[in-house]
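Before any comments, here is the structure.
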Amino acid sequence: MTQIYYKVKKGIKYLLPSNELYKVEPFLRYFLYLFYKGSNYYCNVCGKKLKKFIPHNEDLICPRCGSLSRTRRLKAIIDSDFSNPNLKILEFSPSRAFFRIMKKEKYFYTASDLSGDFISDVSYNITDIPIHSDFYDLIICYHILEHVEDDVKAMSELYRILNPNGIAYIQTPFQDGEIYEDFTIKDPKQREIHFGQNDHCRIYSIQGLSSRLKSVGFEVEILNYSNEKLNRNGFSAKEVVLKVRKRPSCQL
């Protein structure tokens with residue numbers, strides 16, 4: 001049934017623009033969900049109980065909302081850290097599943113995407129964000145910084161617009177050792193070979209990214225879930241999230 005779903009979705013892509021496909025997708029997923037409905041697992045993004053998640057590219061996808069394991073983890077972290085419904089939240093290039101659920105909440109939620117590949121409200125350049133300082137209570141920057149050549153400028157902008165009592169969650173692909181970057185590599189095929197994806201310009205290490213974030217004034221907490229076993233939420237057994245705040249001594 002899953003293969004049929006993706007074939008139908010692929011066919012619709014040729015008939016509808018992406019903004020119309022976004023509207024149709026929930027209805028398609030509802031019928032897919034009927035085949036996965038059960039009680040063994042639970043998606044905390046859409047709130048559905050499942051017989052199982054769909055394995056795809058070493059990840060587990062919710063058949064109802066399409067959430068990835070990292071999206072469900074993010075939702076769990078936010079639910080644990082925040083109880084204020086009036087949060088001002090900025091997220092860069094959100095997944096469709098997370099965009100939908102956050103728009104249903106009572107948050108002041110803004111989604112930004114510069115690439116045009118994701119659903120968004122605005123198109124901010126992360127190195128020059130047109131928002132006044134100390135504005136957002138929560139910033140979500142997942143799998144963004146590895147695409148940005150001037151990543152330190154981007155980090156400085158995140159620092160500037162974050163509320164002094166706010167939190168930012170940051171995640172990228174990671175490797176052991178040092179940060180690997182080479183700005184002379186421009187060819188998409190070469191970038192895929194060197195950095196794992198054709199629009200990436202580096203691969204971070206956990207400590208390397210932490211050091212750069214600290215250099216602009218953040219204090220960094222490394223949330224490491226690498227030893228956690230898979231559970232009924234379909235979380236990844238290997239995941240690291242950087243939780244950052246403004247260092248009190250650096251606040252202006």
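The structure displayed is predicted, hence computed values, not measured ones.
Counting heavy atoms from C-beta on, the side chains of Tyr142 and Thr71 never come closer than 4.5 Å. By the 4.5 Å heavy-atom criterion applied to side chains, Leu50 and Asn40 are not counted as neighbours. Ser210 is listed as a side-chain neighbour of Ile222, based on a closest heavy-atom distance under 4.5 Å. Proximity of Pro248 to Glu219: side-chain heavy atoms (C-beta onward) are separated by under 4.5 Å at one or more points. Side-chain atoms of Lys243 and Ile77, non-hydrogen and from C-beta on, never get closer than 4.5 Å to each other. Counting only heavy atoms from C-beta outward, the side chains of Tyr169 and Leu138 approach each other to under 4.5 Å. In this structure, Tyr33 and Cys62 have side chains that are not in contact, with every pair of non-hydrogen atoms separated by 4.5 Å or more. When side chains are defined from C-beta on, Leu60 counts as touching Arg72, because their heavy atoms get closer than 4.5 Å.
Side chain of Ser80 to main chain of Ala76: no donor-acceptor pair is present (N/O by atom type, distance under 3.5 Å, no hydrogens or angles). No donor-acceptor pair closer than 3.5 Å links the side chain of Glu178 to the backbone N or O of Ser205. Although no hydrogens or angles enter the test, the distance criterion places a donor-acceptor pair under 3.5 Å between the side chain of Ser112 and the main chain of Tyr124. In this structure a side-chain-to-backbone donor-acceptor pair under 3.5 Å is present from Lys246 to Leu162.
Of the inter-residue distances, the one linking Arg96 atom CZ with Phe118 atom CZ reads 9.0 Å to the nearest 0.5 angstrom. For the atom pair CG of Leu145 and CD of Gln171, the computed distance is 11.5 Å after rounding to the nearest 0.5 Å. Atom CD1 of Ile206 sits about 11.5 Å away from atom CD1 of Ile179, to the nearest 0.5 Å. Between the CD atom of Gln197 and the NE2 atom of His147 there is a distance of 5.0 Å, given to the nearest 0.5 Å. Note that CZ of Phe82 and OH of Tyr107 are 8.5 Å apart. Values are rounded to the nearest 0.5 Å. Separation of atoms CD (Glu146) and OG1 (Thr172) is listed at 5.5 Å; rounding is to 0.5 Å.
Residues satisfying the ring pair (Phe, Tyr, Trp, His ring centres under 6.0 Å) criterion with Phe135, sequence neighbours excluded, are His132. Qualifying ring pair (Phe, Tyr, Trp, His ring centres under 6.0 Å) partners for Phe195, counting only residues two or more places apart in sequence or in other chains: Tyr180.
Relative to the ring axis of Phe98, Lys75 does not place its NZ or CZ within 45° and under 6.0 Å from the centre. Taking the ring axis of Tyr225 as reference, the NZ or CZ atom of Arg73 stays within 45° of it and closer than 6.0 Å to the ring centre.
One finds no salt bridge joining Arg70 and Asp59 here, because no Lys/Arg side-chain nitrogen approaches an Asp/Glu carboxylate oxygen to under 4.0 Å.
Ile203 and Val148 are members of different hydrophobic clusters when ILVMFWY side chains are connected at heavy-atom separations under 4.5 Å. Transitive grouping of hydrophobic side chains (ILVMFWY, heavy atoms separated by less than 4.5 Å) keeps Leu114 and Ile131 in distinct clusters. Both Leu209 and Val220 belong to a single network of hydrophobic side chains, linked directly or stepwise wherever heavy atoms of I, L, V, M, F, W or Y lie under 4.5 Å apart. At a threshold of 4.5 Å between side-chain heavy atoms, the hydrophobic network of Ile, Leu, Val, Met, Phe, Trp and Tyr places Val240 and Ile144 in one connected group.
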*Stepwise side-chain contact (heavy atoms from CB on, under 4.5 Å) check, Asp137 with Asn84*: CA-CA 10 Å; Asp137 304 302; Asn84 180 4; 5.6 Å; no
*Tell me, with the steps shown, if Leu223 and Leu242 meet side-chain contact (heavy atoms from CB on, under 4.5 Å).*
CA-CA 6 Å; Leu223 306 179; Leu242 302 188; over 6 Å; no
*Please lay out, stage by stage, how Ile126 and Leu158 fare under the test side-chain contact (heavy atoms from CB on, under 4.5 Å).*
CA-CA 8 Å; Ile126 195 172; Leu158 296 181; 4.2 Å; yes
_With side-chain contact (heavy atoms from CB on, under 4.5 Å) as the criterion, how do Glu221 and Arg245 come out once you've worked through the C-alpha distance, each side chain's angles and the decisive distance to 0.1 Å?_
CA-CA 9 Å; Glu221 180 182 355; Arg245 304 173 185 268; 5.6 Å; no
*Stepwise ring pair (Phe, Tyr, Trp, His ring centres under 6.0 Å) test for Phe218 and Tyr159*: CA-CA 7 Å; Phe218 283 117; Tyr159 179 89; 5.3 Å; yes
Return a table of donor-acceptor pairs under 3.5 angstrom between the side chains of residues 86-94 and protein atoms on other chains or two or more places apart.
| residue | atom | partner | partner atom | Å |
| --- | --- | --- | --- | --- |
| Glu91 | OE1 | Tyr109 | OH | 2.6 |
| Ser93 | OG | Asp113 | OD1 | 2.7 |

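Applying the side chain to side chain donor-acceptor pair (under 3.5 Å) definition to pairs two or more places apart or across chains, none involves residues 41-52. Among residue pairs with one or both ends in residues 148-176, those qualifying as salt bridge (charged side-chain N to carboxylate O under 4.0 Å, His left out) are Glu149-Lys186, Glu149-Arg191, Asp151-Arg202, Asp151-Arg212, Glu157-Arg160; sequence neighbours excluded. The salt bridge (charged side-chain N to carboxylate O under 4.0 Å, His left out) contacts involving residues 114-127 comprise Lys103-Asp121, where partners must be two or more places apart or lie in separate chains.
Annotation for Ala97 and Val45: closest pair O-CG1, 4.0 Å, computed over non-hydrogen atoms. Smallest separation of non-hydrogen atoms from His143 and Pro173: ND1-CD, 3.6 Å.
Surrounding OH of Tyr30 are at most 12 heavy atoms belonging to other residues, nucleotides or ligands under 6.0 Å away.
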